[in-house]
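Below is one structure, written out as structure tokens, with a few remarks after it.
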Number of protein chains: 2
Amino acid sequence: MAKPALLQTLDRALRVLAVFDWEHPEWGVTELAHHLQMPKSVVQKTLATFAHHGFVYQEPVRRRYRLGPRLLSLAQVAQPELARVAHRYMANLAEATKETVKLTVVDGNQTVIAHAVESPQSLRMTGRVGERNDFHRGASNKVLAAYMKWEAVLDALQAHLPADHPVLLEPDRLRRELEAIASQGYAESHGEVEEGVTAVSVPVRGPLGEVEASLSIVGPSVRVTEGGCRRWLELLQQARALLERELGLKEEAFVRKGG
Amino acid sequence: MAKPALLQTLDRALRVLAVFDWEHPEWGVTELAHHLQMPKSVVQKTLATFAHHGFVYQEPVRRRYRLGPRLLSLAQVAQPELARVAHRYMANLAEATKETVKLTVVDGNQTVIAHAVESPQSLRMTGRVGERNDFHRGASNKVLAAYMKWEAVLDALQAHLPADHPVLLEPDRLRRELEAIASQGYAESHGEVEEGVTAVSVPVRGPLGEVEASLSIVGPSVRVTEGGCRRWLELLQQARALLERELGLKEEAFVRKGG
DNA sequence: CCTTGTTGTTTCCATATTAGAAACAATGTA
DNA sequence: TACATTGTTTCTAATATGGAAACAACAAGG
């Protein structure tokens with residue numbers, strides 16, 4: 001990773017923002033400074049600036065900081081193109097299978113659910129847009145990993161998994177699995193992330209040929225027969241072909257005339 | 001507004017991020033620099049740093065920038081405490097009325113939908129979390145404005161409305177309207193934001209007594225009778241009371257013991 | 001195959017801005 | 001009253017940044 005000359009102030013500020021996660025949604029200045037090993041005053045000024053823009057706000061009573069509503073607005077604009085184009089196909093898939101359909105992309109060392117259309121049934125898998133996962137398990141995540149360089153996958157896992165995690169202790173097992181996925185062009189998962197959940201996932205390629213996302217159908221294992229799984233795969237392949245064609249044409253139009 | 005000593009680098013960076021909106025979701029460096037009257041190199045370094053953290057990404061083909069998937073993850077955490085607590089009551093309201101229920105908060109010069117539970121009916125109002133609106137129209141927005149200082153409302157509107165907008169030409173009309181809302185404790189709107197849409201909204205107060213959000217029911221006017229509107233208001237007032245009690249107790253517990 | 005007009009990216013240096021320690025203020029606690 | 005906690009502000013050396021201008025990578029069109 002060559003450093004492309006980052007701005008230190010901003011870089012630190014984004015590291016500050018990154019510590020607000022699901023397990024730790026609120027922070028005090030001192031606590032946060034200690035956690036990141038930064039001077040208190042720097043953290044304080046950073047948070048004050050974020051607060052001025054609505055990215056964080058300070059609870060009036062406890063004076064602790066939380067992420068602010070501005071992020072909700074920004075998230076609406078984030079990643080629309082791919083998700084917008086894919087939505088129609090995803091809705092069709094959800095309609096045809098009555099199961100939840102997810103579109104997943106890579107972000108740094110993890111994957112992120114970029115878009116989801118939930119199953120109409122009561123017993124359904126939730127598709128939480130923005131949810132992050134690691135590369136080593138789950139059909140949608142393994143598909144993405146299968147088309148990355150192996151070293152990148154390993155680095156990413158090492159950054160998020162404990163050092164004594166089974167996958168890291170015998171990485172070759174995962175590596176062979178990913179190679180198999182890459183060569184067959186899809187992945188299945190049976191209860192890997194959550195018990196009783198089955199998923200099938202295929203890669204989606206952009207106009208330059210790289211995998212930009214994975215498209216997945218996910219549902220309760222009790223509803224999925226052997227043949228059902230094959231049908232999901234067929235439907236996914238069809239949808240993938242149509243989606244890639246639309247993405248390709250779109251890009252081509254851009255390249256030709258520039259908008 | 002006294003300036004609380006902001007970090008210039010971060011302040012500018014957040015202004016850069018803010019220009020990515022629904023109408024203009026992608027930017028080139030030069031274009032963006034010109035728009036904000038900043039040096040190209042500054043914008044470029046800012047975007048590169050954002051990109052390194054997944055806040056933006058660069059289209060491979062056109063090399064233009066868009067908001068990235070990291071924002072989706074952050075938005076998940078940004079759902080404030082308030083939205084989490086309110087969800088149950090909102091779901092109950094949606095169940096009872098079969099209409100869409102929204103929770104709206106103030107962010108800077110506008111309002112933001114912080115949480116929504118959509119109507120189960122086919123013809124329904126969408127509740128887009130993250131959607132921004134101005135203070136001068138719509139029940140949920142006017143309720144929030146009614147409990148702000150009038151000058152702040154006016155400033156906010158001037159920042160977002162054209163100078164020759166009707167509301168700004170005769171502000172006293174809006175002012176009296178907001179005063180009426182504040183004294184009666186709720187707002188109704190009939191087709192103010194969108195034709196054929198009726199909404200009723202009440203304020204939600206935090207433990208310190210300030211209005212933290214507005215809670216609204218919104219649906220197609222064709223389904224709402226005069227009496228139906230009153231029923232909405234009653235249900236909202238009930239839900240508001242329960243919600244405020246839970247918020248108050250929660251804060252109190254924090255204050256007492258700090259955990 | 002050169003121009004010319006675009007991009008995004010990098011270099012460079014004076015200097016304005018920030019990093020960081022330490023003092024400060026505002027709380028709640030013994 | 002003293003004591004520990006907070007979050008906030010001050011201050012200065014030093015460095016990271018701002019900004020102009022050069023650079024590189026493309027297209028378009030002569």
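Below, chains carry the letters A, B, ... as their sequence lines are ordered, and counting in each starts from 1.
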Does [N] have OP1 or OP2 sitting under 4.0 Å from an N or O in the side chain of [X]?
{"X": "Q58(B)", "N": "dT9(C)", "value": "yes"}
{"X": "Y65(B)", "N": "dT7(C)", "value": "no"}
{"X": "Q44(B)", "N": "dG8(C)", "value": "no"}

Point to revise | T9(A) side-chain proximity, nearest of dT17(C), dG7(D), dA19(C) | key: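 Output: dA19(C).
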Point to revise | Ionic contact status for E59(B) with R64(B), cut-off 4.0 Å | key: no
Review point. Do the charged groups of R88(A) and E246(A) touch, with an N to O distance under 4.0 Å?
Key: yes
Length of the [atom1]-[atom2] vector between [X] and [N], whole Å:
{"X": "Q37(A)", "N": "dG20(C)", "atom1": "CD", "atom2": "P", "result": "12 Å"}
{"X": "D11(B)", "N": "dT17(C)", "atom1": "CG", "atom2": "C1'", "result": "13 Å"}
{"X": "L7(A)", "N": "dT18(C)", "atom1": "CG", "atom2": "P", "result": "11 Å"}
{"X": "L6(A)", "N": "dT9(C)", "atom1": "CG", "atom2": "P", "result": "13 Å"}
{"X": "R63(B)", "N": "dA25(D)", "atom1": "CZ", "atom2": "P", "result": "10 Å"}
{"X": "E31(A)", "N": "dG7(D)", "atom1": "CD", "atom2": "P", "result": "8 Å"}
{"X": "L32(B)", "N": "dG8(C)", "atom1": "CG", "atom2": "P", "result": "9 Å"}
{"X": "Q8(B)", "N": "dA19(C)", "atom1": "CD", "atom2": "P", "result": "12 Å"}

Review point. Sub-3.5 Å donor-acceptor pair from the side chain of S214(A) to the main-chain atoms of L144(A), do we have one?
Key: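 A pair under 3.5 Å: no.
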Review point. Do H24(B) and E31(B) have side chains that get closer than 4.5 Å, going by heavy atoms?
Key: yes
Check your understanding: Given side chains that start at C-beta, do those of H136(B) and V153(B) come closer than 4.5 Å, heavy atoms only?
Key ->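 A side-chain contact under 4.5 Å is absent here.
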Polar atoms only, N or O, under 3.5 Å: list the protein pairs with nucleotides 19-21 of chain D and their distances.
| unit_1 | atom_1 | unit_2 | atom_2 | d |
| --- | --- | --- | --- | --- |
| dG19(D) | OP2 | R12(B) | NH1 | 2.9 |
| dG19(D) | OP2 | R12(B) | NH2 | 2.7 |
| dG19(D) | N7 | S41(B) | OG | 2.7 |
| dG19(D) | O6 | K45(B) | NZ | 3.2 |
| dA20(D) | N6 | S41(B) | OG | 3.1 |

Point to revise | Under 3.5 Å side-chain donor-acceptor pair for Q110(A) and D134(A) | key: yes
Check your understanding: Parallel, tilted or perpendicular for H115(B) and H87(B), by the 30°/60° rule?
Key ->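 If you compare the ring of H115(B) with that of H87(B), the planes turn out perpendicular.
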Exercise for review: Would you please classify the geometry between the F20(A) ring and the W27(A) ring as parallel, tilted or perpendicular, with 30° and 60° separating the classes?
Suggested key: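 Answer is perpendicular, since the angle exceeds 60°.
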Point to revise | Nearest-nucleotide comparison on DNA chain D, the residue closer to the 5′ end among W27(A) and L10(A) | key: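 Between the two, 5'-proximity favours W27(A).
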Review point. If you look at every heavy atom in L72(B) and A75(A), which pair is closest and at what distance?
Key: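 Scanning both residues, the minimum pair turns out to be CD2-O, 3.5 Å.
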Review point. Paired stems touching DNA chain C, three or more consecutive Watson-Crick or G-U pairs with both distances under 3.5 Å?
Key: C:1-6 with D:25-30, C:8-24 with D:7-23, C:26-30 with D:1-5
